[in-house]
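Structure first, commentary second.
The analysis underlying the following values was restricted to heavy atoms, covering all of them including side chains, and did not include hydrogens, waters or symmetry mates. Order of appearance sets the numbers: ligands from 1, and atoms from 1 within every ligand. Since we're looking at a predicted model, the values are computed, not measured.
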Amino acid sequence: MDWQQIFATRNSRMAASEIRELLKLLDQPDIISFAGGIPDPDLFPAQAFQQAFADALSPENQATALQYSVSEGYPPLRDWIVGQMTALGIPCTRDNILITSGSQQALDYLGKLLLSPGDTALVGWPTYLGALGAFNAYEPRYDRLDPETNRSAEDYAQAAGEGRVKFAYMSVDFANPTGRTLDAGMRERVIDLADELDIAVIEDAAYQSLRFEGEALSPVLAREIARRGDINACRTLYCGSFSKTLAPGLRVGWVCGAKEVISQMVLLKQAADLHSSTINQMAIERVATAQFDSHVAKIKEAYRGRRDAMLRALEAHMPAGVTWTRPEGGMFIWLELPKSLDAAALLASSLRSERVAFVPGHAFFADGSGSNTMRLSFSRTDDVMIDEGIARLGRLIAAAL
Ligand code: PMP
């Protein structure tokens, strides 16, 4: 059967993720991998989860834990998130929170909710590859969100052509892939631009809790609430996740925003998967309540040490002409190579001769540019291997130059 003939048109934009393909390489023991931006499994609070699951499966809780539950999400978990959001300057109630299966599902739902084919999504150049993957299914156009330029709202609107600009999407803190953080002025500017264009703002806060140094910046949604006085009057939708703090395998994330949007997303959730795993939400709620802050403090120490090791190694081993970001948190450092170099070609030779993996940067650009860039993750490699891997990479780049 010729399946391509009957696949819906939306599939044509959905390519296999380069990163997913690369993750397969992590199984080869001799590869030093800076590719996957995933948490270090040695840092999972495994014992706390053992207890939490045992408690959820105890005689008094198992009828709840193994049963269907409400689409909005496990109420005690939503209440815990309300506390976290309020502490971030986002006063809200349970009705402003929808639990999703990872924040990835929130991105899919937001694409489904907001994008008709041909509408425009404003995204960073580069941006989170998984966001492009989620939105692609809804057949949007992409335009470059660049709050640092004074590009006018009219100009953005005009570039949208037949469709309409629907939202601006940003990974705000220690972004995937660059490690950069959007400063206060740019956060305000994005709200201004969204007001002028009358569009939504999707604030992807997946790494927000992983700040190693410097002062925390209040979220875009907190700034918008400060302007308008009420979350239900806001256009920003905040996407949070437990993947980088507690455990990605349980697939628990959330969206926080105006009730009107959350209610509509609940309908999407009902239609798609009814609700996120009850027992996983219960386990997350228990572990978060018992030790979120202390656990996050512990993992930040570990990741900070690895970031420092990678920055030292880059200083020591990279040839002149290569530049990189200095993230204040998160998991990523972004490299720019001299324009003559192609990071995808370098990866192929690196895997052959140096056995070092990274992600070529062009995958993160909606227009396929950025061939001289690469993303390095420091989250899963110890200091010694970081130095060794960066030394090999430095040699390879120097030779290519
Ligand atoms: N947003 C960003 C910026 C990410 O890096 C990731 C994970 N790589 C996600 C969202 C999705 O994470 P999850 O679905 O596990 O919450």
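- Pairing each heavy atom of V190 with each of M170, the nearest pair is CG2-SD, 3.7 Å.
- Ligand 1 lies nowhere less than 4.0 angstrom from a heavy atom belonging to Q105.
- Minimum interatomic distance between P39 and Y303 (heavy atoms only, all atoms of both residues): CA-OH, 3.3 Å.
- Here F364 and W125 keep their ring centres 6.0 angstrom or further from each other.
- Inclusion of Y169 in the set of residues having an N or O under 3.5 Å from an N or O of ligand 1 is not warranted.
- Between S101 and ligand 1, no pair of N/O atoms sits closer than 3.5 Å.
- Heavy-atom contacts of R251 reach the following atoms of ligand 1: 13 (P), 14 (O), 15 (O) (cutoff under 4.0 Å).
- Judged by the shortest distance from any of its heavy atoms, F242 lies outside the 4.0 Å radius around the atoms of ligand 1.
- The nearest protein atom to atom 11 (C) of ligand 1, hydrogens excluded, is given as S103 OG, 3.4 Å; this is a heavy-atom distance.
- Ring geometry, F332 versus Y207: the interplanar angle exceeds 60°, so the pair is classed perpendicular (tilted spans 30 to 60°).
- The residue from N136, D367, T120 that alone fulfils the side chain to side chain donor-acceptor pair (under 3.5 Å) condition with Y142 is N136.
- Every atom of ligand 1 with a heavy atom of A206 under 4.0 Å away is listed here by number and element: 1 (N), 2 (C).
- Ligand-side atoms of ligand 1 in range of S243: 13 (P), 15 (O), 16 (O), range being under 4.0 angstrom from any heavy atom.
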